[in-house]
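Each residue takes its place number in the sequence, starting with 1. Keep in mind the model is a prediction, meaning the values are calculated, not measured.
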Amino acid sequence: MKATRSNLPSLIAAAGGAVLIIALFLSWLSIGDASASGWESFSLVDIVLFVIGVAALAIGAAKATGATLPVTWLDQDLLKWIGVIAVTIVLTFIVEADNLGFGAFVGLIGALAILAGGVLTERPDLAARVADATGVSDERPAAQPPAGLGSSTSTATPGAAAPPTGAPASGVASPAGAAPAGGSEAAGGASSGPPAGWYPDPQGQARLRYWDGATWTEQTSA
């Protein structure tokens, strides 16, 4: 799967989950010729780390591919918190244990990646900086309205002209270049922007975001 600006945080979290799972099979303690894997170094914490790794891998992969997980509470909002738990567990082990094996440090890398993916998911502005720094571009297809929209929803695709005047109070520019449908016959008075419909998300959090004729809404399409 190719990384884009929109799925980069999810891919980072998914990769962190995979690395954390692999780390549990590596040496976390090394004394002479003997070594103990993560499974052998913990009694219960190893299961917690494994569950965290699987959850991060599943959430990140689902978000990056647009798939739906069968467990509804497994949401990307969990990534930051399970990342914090994983980093705390691994760092505590590294600080307190002697004769560390390299598996502990691999586990720390995985835990930090999960945490980083969770933070970037909540901070699209920071994610955009990371994407710019790593040279990740966002190659999106031409915006099309999501399938199954009602007949009352506008399906017009905005052009490439400059945004109209009267941007919403939220500070996000209105969809560019679309003229109001049917002149100024909008409910409640004259329309100051393009008609309600689905347009490319100006915040970069999704492919499309719904414009209600006056401001951007929270409705997005994957």
Taking a hydrophobic cluster as the set of Ile, Leu, Val, Met, Phe, Trp and Tyr residues connected by side-chain heavy atoms closer than 4.5 Å, whether directly or through intermediates, do [X] and [Y] fall within one such cluster?
X      : Y      : value
Ile109 : Ile89  : no
Ile47  : Ile22  : no
Ile94  : Ile114 : yes

Can you tell me how far [atom2] of [Y] sits from [atom1] of [X], rounded to the nearest 0.5 angstrom?
X      : Y      : atom1 : atom2 : value
Ile31  : Leu100 : CD1   : CG    : 10.5 Å
Ser27  : Asn99  : OG    : CG    : 10.0 Å
Leu78  : Ile85  : CG    : CD1   : 9.5 Å
Ile21  : Ile52  : CD1   : CD1   : 11.0 Å
Arg123 : Lys80  : CZ    : NZ    : 10.0 Å
Glu40  : Leu24  : CD    : CG    : 11.5 Å

query: In this structure, are over 12 heavy atoms from other groups packed under 6.0 Å from Trp81 atom CH2?
result: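 At most 12 heavy atoms, drawn from other residues, nucleotides or ligands, come within 6.0 Å of this atom.
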Nearest non-hydrogen partners of [X] and [Y], listed with the distance:
X      : Y      : answer
Pro9   : Thr121 : CB-OG1, 3.6 Å
Ala116 : Ile12  : CB-CG2, 4.5 Å
Ser10  : Lys63  : OG-CG, 2.9 Å
Ala56  : Gly17  : CB-CA, 4.0 Å
Trp28  : Gly38  : CD1-N, 3.2 Å
Thr65  : Ala61  : OG1-O, 2.8 Å

field: Student check: side-chain heavy atoms of Phe50 and Val54 closer than 4.5 Å
entry: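 Of all side-chain heavy-atom pairs linking Val54 with Phe50, at least one is under 4.5 Å.
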query: Is any side-chain heavy atom of Val51 closer than 4.5 Å to a side-chain heavy atom of Ile82?
result: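 No - every pair of side-chain heavy atoms lies 4.5 Å or more apart.
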query: In the hydrophobic clustering (ILVMFWY, side-chain contacts below 4.5 Å, transitive), which residues join Phe102, or is it alone?
result: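 Phe102 shares its hydrophobic cluster with Val19, Leu26, Val106.
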- prompt: According to the interplanar angle, ranging from 0 to 90°, do the rings of Phe42 and Phe93 count as parallel (below 30°), tilted (30 to 60°) or perpendicular (above 60°)?
  reply: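 If you compare the ring of Phe42 with that of Phe93, the planes turn out tilted.
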